[in-house]
Undergrad: 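Below are the structure tokens for one structure; questions will follow.
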Amino acid sequence: GSGSTINKKKTEGLYIHSRVDPYATHDITWKNGTEDGLKILGIHFFTDLEHTMNYNYARAIGKFKIRLQRWTQRTLSIKGKALIIKTLALSKIWYIAHTLPIPPWAVLELNNTTNNFLWSNKNPPIKLKNLTRSYKHGGLGMLNITNQAMALRLKSQSPMFDKNATDTWIIFAKYWVGTHLKTKMPSAWQHLVDNSVPQNVILNSDDPLFYTDTLSIIKTIPDLFCQKTPSGNFTQPTSKQIYLALQSTQKHRHRLPGEEYWARIVKRNTLNWDYIWATSYQEYNPNYMHDCLWKLRHRTHSTCELMHKKLSNLHTPKGLPSPHACRTCKKATETFMHCFSECHTPTHLWTNIAPYIKKILNTTLDTIQPHLMLGDFSSHKPNNLQSKLVTTLISTVIYFVWIARCNTFHENVQETTERTWTKVKRHISSLLQIKYNVAKDKNNIHHFKKHFLINNRLGKIRDGTLQRHI
């Protein structure tokens, strides 16, 4: 042997019942499970599983909140906040979820904390379940905490489906899970049952929570664990495959609320949402401009029309004012279409930017609203480079239109149309110049011409100098 021995001074044991005879102490420290329990690889174990779950998740959620609190001091985009939640904050939760079921109260607490961080402690305009969609379907790729925790834990238990597995823990897993799976699909899971397994076991409150919870997950997606390899053994799905299977079992509404709103505006189902969502974060502007365009597509900007609707839902007393008129033109109700398309400032900006968009798309056809401000150019069949550059121009106009509106509404600073257009041109010119300087330093002017000028649509290079057309 290796000659290694147990260091009894550093070894601890946990009582699994009320008393232990004195001769069974083996000269190590024993804990009764009422204080800190037994700590193994960062997880505290107690004699009561429910207390073990609550204790570990309460500690992890506390660290989760502290980590997010450190990032609240920074000005972050919605996409950046979602990335921090997925990669940095939830990592401690996923570590525990590999071993312990996650209680409902913990899921609720994590969802509330996530919403508060994403929307800066304001009422979330988009439901968290819609944010679990991928970017190409209008979401932020957020993870459903319940399903992800199930997937991680089920992945760690998937070896029990292997006929040749000899691990000791699998004997206990088969004892509690095998009979149920055999009755669910006998031909696939016959090998999980042998003479040592109790017959006709019925799940009840006395069964171990760990295995009853596991069994309920497997019954939801049984087909995923019935796939066999050419050798006849069962495949072990990855945690991502399990997560996607669990997600597919949940009912999602066919359209997002923003999609339904814009469909009513268009009155015909002519908006290509697959294309619109696919271009949400594929452009050259900063992320805060991406967010502005993304919110417009979701219809979450706080226009007077939307705010009036929210106040109406609160059942306020009589005397509720009618929808506010636009503070810029003072003529029409500030709807989304009016704010971003029909008022004189956005109308002037769209009129000025449209020729550049037509040049980039190499078309003479006009794009009507709301297709233009939503960035739906799928009918022109643009390539990826054209889509990114056009979406950059669109998000720039949307952003400065909204900034001008907010300055007028909140600070009573009247933004003129020409001043707003000057800001748009200055931003696009600055963006092109920065990209040109980077390409020049890297001796990659060809890349700059291909991605940003596109056959001299927005400018040209003469004698080593960038001449902008906008």
Undergrad: Measure the CG-CZ distance between L349 and F400 for me, rounded to the nearest 0.5 Å.
TA: 10.0 Å

Undergrad: So which atom in Q369 and which in S341 form the shortest heavy-atom distance, rounded to 0.1 Å?
TA: CG-OG, 3.2 Å

Undergrad: For the residue pair Q148 and N144, confirm or rule out a side-chain donor-acceptor distance under 3.5 Å.
TA: no

Undergrad: Using the rule given for side-chain contact (heavy atoms from CB on, under 4.5 Å), can you reason through H344 versus T417, listing the C-alpha separation, both sets of side-chain angles and the distance that settles it, and then say yes or no?
TA: CA-CA 7 Å; H344 59 77; T417 301; 3.2 Å; yes

Undergrad: Would you compute the distance between atom NZ of K295 and atom OG of S302 and round it to the nearest 0.5 angstrom?
TA: 8.0 Å

Undergrad: Is it true that Y399 and Y288 have ring centroids separated by less than 6.0 Å?
TA: yes

Undergrad: Do T99 and F45 come within less than 4.5 Å of each other through their side chains, counting heavy atoms only?
TA: yes

Undergrad: Is there a side-chain contact between M373 and M337, using heavy atoms and a 4.5 Å cut-off?
TA: yes

Undergrad: So, for Q386 and I360, which heavy atoms are closest and what is the spacing to 0.1 Å?
TA: NE2-O, 2.9 Å

Undergrad: So which heavy atom on L118 is nearest to which on A82, and how close?
TA: CD2-N, 3.9 Å

Undergrad: Is any side-chain heavy atom of P382 closer than 4.5 Å to a side-chain heavy atom of Y275?
TA: yes

Undergrad: Mind checking what makes side chain to side chain donor-acceptor pair (under 3.5 Å) contact with N287, not counting sequence neighbours?
TA: H290

Undergrad: Whether the side chain of T132 engages the backbone of K129 through a donor-acceptor N/O pair (distance < 3.5 Å, no angle test) should be reported.
TA: yes

Undergrad: What class does the angle between the rings of H301 and F336 fall in, given that below 30° is parallel, 30 to 60° is tilted and above 60° is perpendicular?
TA: tilted

Undergrad: Closest heavy-atom contact between I93 and A60?
TA: CD1-CB, 3.6 Å

Undergrad: Using a 3.5 Å distance criterion without hydrogens, assess whether the side chain of R405 forms a donor-acceptor pair with backbone atoms of C339.
TA: no

Undergrad: Whether the side chain of D376 engages the backbone of I276 through a donor-acceptor N/O pair (distance < 3.5 Å, no angle test) should be reported.
TA: no

Undergrad: According to side chain to side chain donor-acceptor pair (under 3.5 Å), who are the partners of H338, at least two apart in sequence or on a separate chain?
TA: none

Undergrad: Within a strict 4.5 Å, meaning less than it, do heavy atoms of the T114 and F64 side chains meet?
TA: yes

Undergrad: Side chain of S429, backbone of R426: donor and acceptor closer than 3.5 Å?
TA: no

Undergrad: Does the ring of W71 carry R74 above it, NZ/CZ under 6.0 angstrom from centre and within 45° of its axis?
TA: yes

Undergrad: Can you tell me how far apart CD1 (I445) and NZ (K450) are? Round to the nearest 0.5 Å.
TA: 15.0 Å

Undergrad: Show me the pairs that pass salt bridge (Lys or Arg N to Asp or Glu O under 4.0 Å) and involve residues 90-118, at least two apart or across chains.
TA: K65-E109

Undergrad: Ignoring hydrogens and geometry, is there a side-chain-to-backbone donor-acceptor pair from T465 to I461 under 3.5 Å?
TA: no

Undergrad: Test side-chain contact (heavy atoms from CB on, under 4.5 Å) on L389 and Y284; report intermediate values, then the result.
TA: CA-CA 7 Å; L389 191 56; Y284 304 111; 4.3 Å; yes

Undergrad: Please tabulate, one pair per line, all N/O donor-acceptor pairs under 3.5 Å involving side-chain atoms of residues 350-357, not counting sequence neighbours.
TA:
from, atom 1, to, atom 2, distance (Å)
W350, NE1, F340, O, 2.7
T351, OG1, T347, O, 2.7
N352, ND2, H348, O, 3.4
N352, ND2, H348, NE2, 3.0
Y356, OH, H469, O, 3.1

Undergrad: What are the two closest non-hydrogen atoms of E283 and S280, and how far apart are they?
TA: OE2-O, 3.8 Å

Undergrad: Side chains of L453 and L466: closer than 4.5 Å at any heavy-atom pair?
TA: yes

Undergrad: Tell me every residue that passes side chain to side chain donor-acceptor pair (under 3.5 Å) with T396, counting only those two or more places apart in sequence or in another chain.
TA: N285

Undergrad: Could you grab the distance from atom CH2 of W273 to atom CD of E259, nearest 0.5 Å is fine?
TA: 5.5 Å

Undergrad: Take the angle between the ring planes of H447 and H451 and call it parallel below 30°, perpendicular above 60°, tilted in between.
TA: parallel

Undergrad: Would you compute the distance between atom CG of L152 and atom CG of N147 and round it to the nearest 0.5 angstrom?
TA: 11.0 Å

Undergrad: Side chains of M53 and P101: closer than 4.5 Å at any heavy-atom pair?
TA: yes

Undergrad: Under a 4.5 Å cut-off applied to non-hydrogen side-chain atoms, are L271 and H371 in contact?
TA: yes

Undergrad: Counting heavy atoms not belonging to K449, are there more than 12 under 6.0 Å from its NZ?
TA: no

Undergrad: Any chance you could lay out the side-chain contact (heavy atoms from CB on, under 4.5 Å) test for T279 and R297, step after step, and finish with the verdict?
TA: CA-CA 11 Å; T279 60; R297 292 169 173 178; 3.5 Å; yes

Undergrad: From T72 OG1 over to N121 CG, what is the distance, rounded to the nearest 0.5 angstrom?
TA: 8.5 Å

Undergrad: Scan for side chain to side chain donor-acceptor pair (under 3.5 Å) pairs involving residues 79-88, sequence neighbours excluded, and state none if there are none.
TA: K81-S120

Undergrad: Hey, can you tell me if Y281 and W294 have their rings parallel, tilted or perpendicular (30° and 60° cut-offs)?
TA: tilted

Undergrad: For K136, does the NZ atom have more than 12 heavy-atom neighbours from other residues, nucleotides or ligands under 6.0 Å away?
TA: no

Undergrad: Hey, does the side chain of T52 reach the backbone of F46 with a donor-acceptor pair shorter than 3.5 angstrom?
TA: yes

Undergrad: In this structure, is the centre-to-centre distance between the rings of W94 and H98 below 6.0 Å?
TA: no

Undergrad: Strictly distance-based, threshold 3.5 Å: is any side-chain N or O of D291 a donor or acceptor partner for the main-chain N or O of I78?
TA: yes

Undergrad: Could you check if a side-chain atom of V266 sits within less than 4.5 angstrom of a side-chain atom of P370, using non-hydrogen atoms only?
TA: yes

Undergrad: Restricting to non-hydrogen atoms, name the atom on L372 and the atom on I394 that form the minimum distance, rounded to 0.1 Å.
TA: O-CD1, 3.3 Å

Undergrad: Given side-chain contact (heavy atoms from CB on, under 4.5 Å), test L49 with L100 step by step and report yes or no.
TA: CA-CA 9 Å; L49 177 59; L100 299 174; 4.1 Å; yes

Undergrad: For H298 and G138, indicate whether the former's side chain and the latter's backbone hold a donor-acceptor pair under 3.5 Å.
TA: yes

